[in-house]
Amino acid sequence: MSAEAVAPNTNGWEPKIVAFCCNWCSYGGADSAGMGRFQQPPSTRIIRVMCSGRIDPLHVFNAFLEGADAVLVTGCHIGDCHYVNGNDKTKIKYKFLENVAQELGIEKERLQLNWISASEGERFANFIRDVTAQIKKLGPSPLKPAGVV
Amino acid sequence: MQKGDMFVGWSTKEDIRKRGGSGGLVTSVLAAALDKKLVDAVVVLRKINEFEAVPVITSDVNEVLKSAGSLHSVPSNFAKIIANKNLKVALPAKGCDTRGIIEQSKRNAVSLDNTFIIGLNCGGSMHPSVTREMLEIMYKIKPEDVHGEEIEKGKLIFETKDGKEHAITIDELEEKGYGRRESCRYCMIKIPTNADLACGNWGVVGDLAGKATFVEVNSEKGAKLLQNAIDAGYVQVEKPDEKGVAARAKIKGAMEGLGKKWKDKVFVPMDNRLEYFRKELEHCIDCGACKTVCPTCSCGDVSKCTEYHLRGDAYKMSMYHLIRFLHLADSCIGCGQCSDVCPVDIPLTRLYRRFANPMQEQLKYEPGMDLRKPPYFEAKLEV
Amino acid sequence: MANVYSTICPGCNFGCGLYIRENGNLDVDFRKSSPANSGKLCRFGMSLPRLYTPVRSMVDGKEVELTEAAKDAAKRISASKGSVAFLSFGNTTCEEHLAFGKLGEAYLCTGADFEALPKDTYQTISVGIPYSEIEAAKHIVLFIDPYEQYPLIVRRILSAKKKGAKITSVWWKDLPLADENLRPADVSKLKLSGDSLVIADFHPLSDMENVKNVLSLAKNAGARITFLKPFANSTGAYILSKDAKQKSLVQLVEDINKGAIKTLFCLESDPGEMIPAETLGKLTTLIVQTGMASAITKKAHVVIAHEPLYKKKGTLINNEGRAQSLGGEGTRGLDALGVMAGVKFEFGVLNESVKKTIGINSIDEFTIPKYDRPGYAAPQASVKPVDAKTALVSVFNPFMWFGLPDDNDFVEMNLNTARALKLLKSGTLKIRSNGSAIEKRFKIGPVQENVLLTGRKFGIEKGMLTPVEISR
């Protein structure tokens, strides 16, 4: 059990992180993270999509507006897409999304892209742990609506 | 005649020469295209008064001959007017009109094969309401007394009915918040090389100054259009003076330099941007005018930005604007129409450009300048 | 090929200029030189193409010619002489309103309750002050929600704010443009001075005690006051009927309810939006003269269909008193009114008479005619406080959406109120009043606690403030 995962969070606030996972790779990664019993904080809400190419930037915006403190876009490694080139499209969309988020003044830690295969359970768990730690440092998202915790 | 040729030309009809600006070449080319059935219709400005004209699609040659000529205070964009109309049409177009039309064609709302674009050099246009106020406050003349206007050597000159000329430098006007619309100040497309023809008075020197139009042929369609007007006897052209060609390039260079300066002045780096955007957008009343008027948007009534936005949502920023920011990051042509029509005066063009400037530079993509697919729709990112 | 009409938006009395482009379907185009709005339009103005739906003349559900419908209407009107009311809120041209005044002399209803107010306030209420004066004001006090009710005034207020004006709002919620937000119950804390400019509104459903109250607040402080109005030509209609006896909407409803009025003639006015359905049901004859189809044209016994407003010829007077010409050529509305009145109304004669009334020689939209701004004595007002725990506040929406879908089907409420009820995010709220109950979406906003704000009619409201019970 890693020290980070059990360290009590100082201000009692637990971030809410929305992770979009593709059915074939990163969702499998999340699954094997659980099967492999890799510790990860309970901050993440996983939304499974068939392909990361399905993740429309508006889904990400909506997650932020509904109160997510961070949004993660994950999918298969480039070249491994179950649908030939879905994640190439993700890359394009993400480039735009990243740019808009940056110009908008959303901290770059709050929006992250990662390619995780179905066997990389540990990588997934580490990713979630890192992001959670970063977000705890940053505090709640400025786009969180009033009344949402 | 072929792509790249340059001419100086004028209308053969005296009354057109008299009424239209710079020898009435554009009016005559439009009339000839209609007369010889090169097109089914043309778009012209129907003049209502010195500060007002309304674009109309017409097949009537007389309407073309009566049309307004160039008006600096009619900042309209023709792209949306011809979109989804399936017309074989010829129209005069500033740089931003042309870019709008090309973007519409990428979205299959306009067929470029059936659209003849007569580009007009443009140093900027003015909002009519601002112009009226400027006349009263800066020039101390009644708007009703204005008879004509022109821009010469960096000065905006109004001629009143009593024959007097009133000149103030554009720099001074813009310093006080009048003059050109903000988007025109930092616009970098002064000569519309993306149109079929590029016409304007820059480069007309010597005896012909003020009596002729300089034309550059940018495409085969452009050559066809101009040749048609010559063959129909509407237009006469001759080779331009070497000095004229150089003068034109010089004006273009100077204008672009000024545009660059404005760009740096308007888009200063900023901290706390989220707060800035929220503050600018807090008065939004959800009218949707910015989308309706946007010459690159072709989604129609049912679109992501409107369908995923509800007035009942208490979000910190509306989905409508976020989606528009994203969609325009690669497509915004900076025409300024959205700022013009915003009922609560949100400087929308400035906001959209904040996203579009870095993105378009990064992707080396200039929307509306050529037929390259918008990067967002590429299968693989090229750059 | 394409017909383009230069016209005025019929949404409210603001006087926004626009073009309507007829090209198979209708499009709006922005008339950027228009003095009232610089071409800018609100949500309603942008949806005008949906609003202008064609209508046909009908008698008892059968399509007929306009003249025939007018003749039939004339017959019905004379048959029920003494029990006919003529209603026009002021959604039509000055010329038509003059003709209408002659036709409807016996029982003329503009909906406005001038009788409840002292005579000397008539002019102040009828003609507002120029928008340029609003922009130049030092202190603006709002008794309206400009965003919801009169959106185009927002940019004028923001412009004043940029020049250093202080904005005070007296409203049920905090407005983003206000520097100081007071609640209506705390109106006694409002500090007015000679530099203040009070912006309120006046419409057929206005609470007259509130109107009197703002009038006397402004009068006692020496502040200027302007009333915004909801109909395209409210100002014109009030100026032109100032010597006529105008019945109020309340009076009309009462007269219909007690059976004194059996036949109602409506000129470009939709009583369905203002008069309860059960009252309308008591009428034996409903005659509607209009230029566009709406819910009421389906109910009417006789429909006299003239051209839509944008095709009409005539004058509209906006809230500043600015006279603006419509860009159309149609005068069929006048023809129909002539058939009913038994005289021929000449447009030219009426137009001259309009110009004479406002004291101008020609219609020039860029010049505002000079109006008398007579002083008035501060009227006595007795505003009753609401003694309900929770109230539904129905904000008067000048935009008659005529059943068109509008995206405001929700109530706005305070976060604490929502928390106390343990409301669920994206859930609904149950609202009960007088035995009827509805369920609505809610939006959390900076609203006064225990107040539900809405710009829409839900059918359970009784006036502007309705005591309600709410639950999850």
Side-chain angles (χ1 to χ4, degrees), chain A residues 51-71 73 75 78-81 83-111 113 115 138-149, chain B residues 267 269-281 299 303-310 312-332 350-363 365 373-383:
Chain A
C51 175
S52 60
R54 173 66 187 94
I55 304 164
D56 193 297
L58 79 86
H59 298 142
V60 176
F61 290 143
N62 208 261
F64 276 122
L65 294 174
E66 288 284 352
D69 296 299
V71 180
V73 177
I78 295 290
D80 286 350
C81 180
Y83 305 102
V84 186
N85 61 357
N87 49 9
D88 279 317
K89 288 166 187 152
T90 314
K91 226 169 132 183
I92 298 173
K93 286 178 187 164
Y94 186 79
K95 191 175 182 64
F96 278 85
L97 190 52
E98 191 183 26
N99 195 282
V100 170
Q102 190 192 330
E103 277 306 311
L104 207 55
I106 297 174
E107 297 94 335
K108 65 178 192 304
E109 290 85 355
R110 295 196 191 276
L111 177 63
L113 172 75
W115 307 128
L138 281 177
S141 157
L143 283 176
K144 204 187 268 289
V148 176
V149 280
Chain B
F267 298 102
M270 229 179 347
D271 295 329
N272 214 353
R273 291 188 291 273
L274 190 63
E275 204 37 48
Y276 165 75
F277 285 111
R278 277 184 23 89
K279 202 88 206 141
E280 291 287 10
L281 295 174
C299 304
S303 50
K304 271 186 190 167
C305 55
T306 50
E307 296 296 299
Y308 289 89
H309 165 69
L310 276 180
D313 289 335
Y315 292 151
K316 289 227 165 145
M317 200 177 248
S318 80
M319 279 294 273
Y320 174 81
H321 288 294
L322 281 172
I323 294 171
R324 295 260 313 147
F325 286 154
L326 184 104
H327 282 189
L328 286 172
D330 67 346
S331 298
C332 177
R350 211 191 296 175
L351 304 192
Y352 293 136
R353 288 315 299 178
R354 283 237 168 230
F355 296 92
N357 282 343
M359 204 62 203
Q360 292 176 1
E361 266 161 42
Q362 223 183 90
L363 300 169
Y365 176 68
K373 206 175 186 182
Y376 191 83
F377 301 106
E378 298 280 1
K380 226 182 179 117
L381 210 52
E382 302 288 331
V383 191

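Letters go in sequence order (proteins before strands), and every chain restarts at 1.
A/Ile92 is not listed as a side-chain neighbour of B/Pro375, based on a closest heavy-atom distance of 4.5 Å or more. You'll find the side chain of B/Tyr315 reaches within 4.5 Å of the side chain of A/Asn62, heavy atoms only. Within the 4.5 Å cutoff, side-chain heavy atoms of A/Pro57 are placed close to those of B/Tyr376. B/Glu378 places none of its side-chain heavy atoms less than 4.5 Å from the side chain of A/Asp88. Side-chain contact between B/Arg354 and A/Leu104: absent, with no pair of heavy atoms (C-beta onward) separated by less than 4.5 Å. Within the 4.5 Å cutoff, the side chain of A/Leu143 has heavy atoms near those of the B/Leu274 side chain. Under the 4.5 Å side-chain criterion, counting only non-hydrogen atoms from C-beta, A/Lys89 is not in contact with B/Lys380.
By number of non-hydrogen pairs under 4.5 angstrom with chain B, the leading residue of A/Val148, A/Asn85, A/Leu97, A/Val100 is A/Val100. Per-residue counts of heavy-atom pairs under 4.5 Å with chain A were compared for B/Leu322, B/Asp330, B/Ile323; the largest is that of B/Leu322.
Crowding of A/Lys93 atom NZ: a count of heavy atoms from other residues, nucleotides or ligands under 6.0 Å exceeding 12. Within 6.0 Å of atom OH in B/Tyr308, 12 or fewer heavy atoms from other residues, nucleotides or ligands are found, so the atom counts as exposed in its surroundings.
The line from CG of A/Leu58 to NE2 of B/His327 is 7.5 Å long, rounded to the nearest 0.5 Å. From A/Phe61, atom CZ reaches atom CZ of B/Phe325 across 9.5 Å, with rounding to the nearest 0.5 Å. The CZ atom of A/Phe64 sits 12.5 Å away from the CE atom of B/Met317 when rounded to the nearest 0.5 Å.
The closest donor-acceptor contact from the side chain of B/Lys316 to the backbone of A/Lys144 lies under 3.5 Å.
When all heavy atoms are compared, the tightest approach of A/Glu103 to B/Arg273 is O-NE, 2.7 Å. The two residues A/Pro145 and B/Ala314 make their nearest non-hydrogen contact at CB-O, 4.0 Å.
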Apply the test side-chain contact (heavy atoms from CB on, under 4.5 Å) to residues A/Phe96 and B/Leu363: give CA-CA distance (whole Å), side-chain angles for both, the deciding distance (0.1 Å), then the verdict.
CA-CA 10 Å; A/Phe96 278 85; B/Leu363 300 169; 3.7 Å; yes
